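Right, one structure below, let's go through it.
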Amino acid sequence: MDYKGKIFLKFKTSIILYLLLGIGASFLNSLNIYYFQKIIDSVKNNFSWNFIIIYAVSMILVTVFSYISEWPKSKLFNGLYYYFKEEALKKVSIIDYSRYLKIGTGSLLQKIESGSVAGRGIYFNFWFRIIRELLPDILFNLFFISLINIKLIPIILIGYVAVFATTKILLSFLYDVKKDILINEELLGGTLVRGITELVTFRINQRYSKEINSYQNHSKVVVNNIAKMTMTHELFFTIFALLVSLIKIITIVLFFTGNFTITIGGLVGLIAYIDKIYNPIAIFNVLFVQYKLDCVSFSRLENFFQERNDLSLVENKNLLSEKIDSIAMQNVDVKIGSDLVLRKISYKFEKGLYGIVGESGSGKSTLVKTLLGLLKNSHGNIYYNEKNLNELNLNSLYDKIFYLSQDVPVFDGTLKENIVFDKEVPDSTVIEVLSKCQLSDFYNSLEEGLETRLGEKGSRLSGGEKQRVAFARLFFSEANVIILDEATSAMDVLTETNLMNNIKDIISDKVTLIITHRIKNLNYVNEILCMESGQIKESGSFLELTRKKGILFKLIENEENRESTHGFNNNNSKP
Ligand SMILES: Nc1ncnc2c1ncn2[C@@H]1O[C@H](COP(=O)(O)OP(=O)(O)OP(=O)(O)O)[C@@H](O)[C@H]1O
């Protein structure tokens, strides 16, 4: 992806203004010195007001340019940083789901943060600075020095080589130190985020002392290296200042020994130019070290930008405009990495209720994620009505699917937002739905009612309450495929039964798939699919399968054993 072109188009006005103002200020600064030396010389000869006016105007303009520059500078500095993050968010919206799983959220967040800072560094701190400041400073200063005495140019150029070579040696050391700092800072970031997000796990497993120790070790390395880096920087600028002073002294000596002819004003101007002319070289070397490091961080973000997209979201044009009456899977295989997780699945779902059961890891969620188009089948075909899923535009499919995953189902918004999203719905209707979802008591306990914020990942709700809030969405959905992946797992059996009774009317005339580990009460579904090792091993009605005494029967037995082992049937054991 060509970011240079994209960035230029997005920030065209700010970039042009910022560069032109920088080039203009550089020119005016050099012009200013030139006229200063002219003023000094004119004192002895014939004094000229013109020189003073140009000198004054150039000084005033530099200040004005510098003030105006703050506008594009601020826009570019912040804009570039947020631009890369926005691009990352756009990428997440279309990335192939299996690639997203592979990268991992924590690592992705870190890549986006450090990549955005590095991307800004590459364009704003390196390229823009070279174009608006360093190159113009060199060219304009050389030009005006040549006006004072053209013979000085070769001497200045020799000085350039000396400054460049000396500073380069020091900076190779600086690069290694900075690289070490970056690596340890990333580790520090990772440890801190983990420590904050995993409070319960780490506290109960008494892991914090180990985490804090590891944090201290990395922070010690960072602090020491920053001190080393500061000293190298200072050494660098000290040596640079010494070199420039040496060049200035040589120039003055050459002048007084009569080795080249120049006016007093010319000498003053020359000394001022020498002060400025080597700065860009020194600054370039320092910037280049950071640029190389930024390129490493940015390339990680670029790799993410180049990850495979889900073409069904991006390119497929086939829309699913009609209602979904059936989903047919024909000989479907699904691989995650190199593992074959679903094998030869053939099944046709029609309007009605389907229970999907099986031991943990048997492939239930994978089956559902494949039907949702998140995971891609490596073999076989899936048809929604008669349309092949792999040729459908997924967004047109998602308009017709209601899905509750087993992950946290609510977000940090108000109770009402969590249920209706952006739809305009009267509060009274939402409150009615809350009662159907067994949430009346919960709702009545809220001081701010529907406007109550649920907190990050619904932190102020119990597990079962979160799931019931998510269920309430179903009453406002127009989907005709309903997929519930362990969506009632955190509810007690009575609440689950009442809730399922209340939604039965909504779900029974649709294609409804219910994944659950609570099997013995699953007699209300039309058909049950039993999965084992990524295959559908058994299917049929609850009665048929229990009579058959096959997998379903065994699963129910296991469930009952689990319950009695964990004392869930306490009532039975009471005298
Ligand atoms: N992101 C992943 N990377 C690698 N393997 C995975 C991934 N997700 C699932 N799997 C593997 O695929 C298999 C099926 O997992 P799946 O989540 O579909 O099982 P499940 O039947 O839904 O289990 P559970 O009842 O515990 O939720 C498992 O062996 C699991 O380890």
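All heavy atoms count here, side chains included; hydrogens, waters and symmetry mates do not. Given the structure is predicted, the values throughout are model-derived calculations rather than measurements. Order of listing sets the numbers, starting from 1, for every ligand and every atom in it.
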Discussion item. When you measure from the side chain of R120 to the backbone of F77, do you find a donor-acceptor pair of N or O atoms at a distance under 3.5 Å?
Written reply: yes
Worksheet item: Does a donor on one side chain sit under 3.5 Å from an acceptor on the other, for N309 and K91?
Response: yes
Worksheet entry | Residue pairs, two or more places apart or on separate chains, that pass ring-ring contact (aromatic ring centres under 6.0 Å, His included) and touch residues 421-441 | F411-F421
Worksheet item: Can you list, by chain and residue number, every protein residue with a non-hydrogen atom closer than 4.0 Å to ligand 1?
Response: L101, I336, V341, E359, S360, G361, S362, G363, K364, S365, T366, Q406, E486, H517
Taking only distance into account, with no hydrogens and no angle test, what donor-acceptor pairs under 3.5 Å do side-chain atoms of residues 474-493 form with protein atoms, sequence neighbours excluded?
{"residue": "S477", "atom": "OG", "partner": "A479", "partner atom": "N", "Å": "3.0"}
{"residue": "N480", "atom": "OD1", "partner": "I324", "partner atom": "N", "Å": "3.0"}
{"residue": "D485", "atom": "OD1", "partner": "Q406", "partner atom": "NE2", "Å": "3.4"}
{"residue": "D485", "atom": "OD2", "partner": "S365", "partner atom": "OG", "Å": "2.8"}
{"residue": "E486", "atom": "OE2", "partner": "H517", "partner atom": "NE2", "Å": "3.4"}
{"residue": "T488", "atom": "OG1", "partner": "E496", "partner atom": "OE2", "Å": "2.8"}
{"residue": "S489", "atom": "OG", "partner": "Q467", "partner atom": "NE2", "Å": "3.2"}
{"residue": "S489", "atom": "OG", "partner": "E486", "partner atom": "O", "Å": "3.1"}
{"residue": "D492", "atom": "OD1", "partner": "L494", "partner atom": "N", "Å": "3.1"}
{"residue": "D492", "atom": "OD1", "partner": "T495", "partner atom": "N", "Å": "2.9"}
{"residue": "D492", "atom": "OD1", "partner": "T495", "partner atom": "OG1", "Å": "2.9"}
{"residue": "D492", "atom": "OD2", "partner": "T495", "partner atom": "OG1", "Å": "2.6"}

All N/O donor-acceptor pairs, side-chain side in residues 329-337, below 3.5 Å, sequence neighbours left out:
{"residue": "D333", "atom": "OD1", "partner": "K344", "partner atom": "N", "Å": "2.7"}

Discussion item. For E322, is there an ion pair with K387 - N to carboxylate O distance below 4.0 angstrom?
Written reply: yes
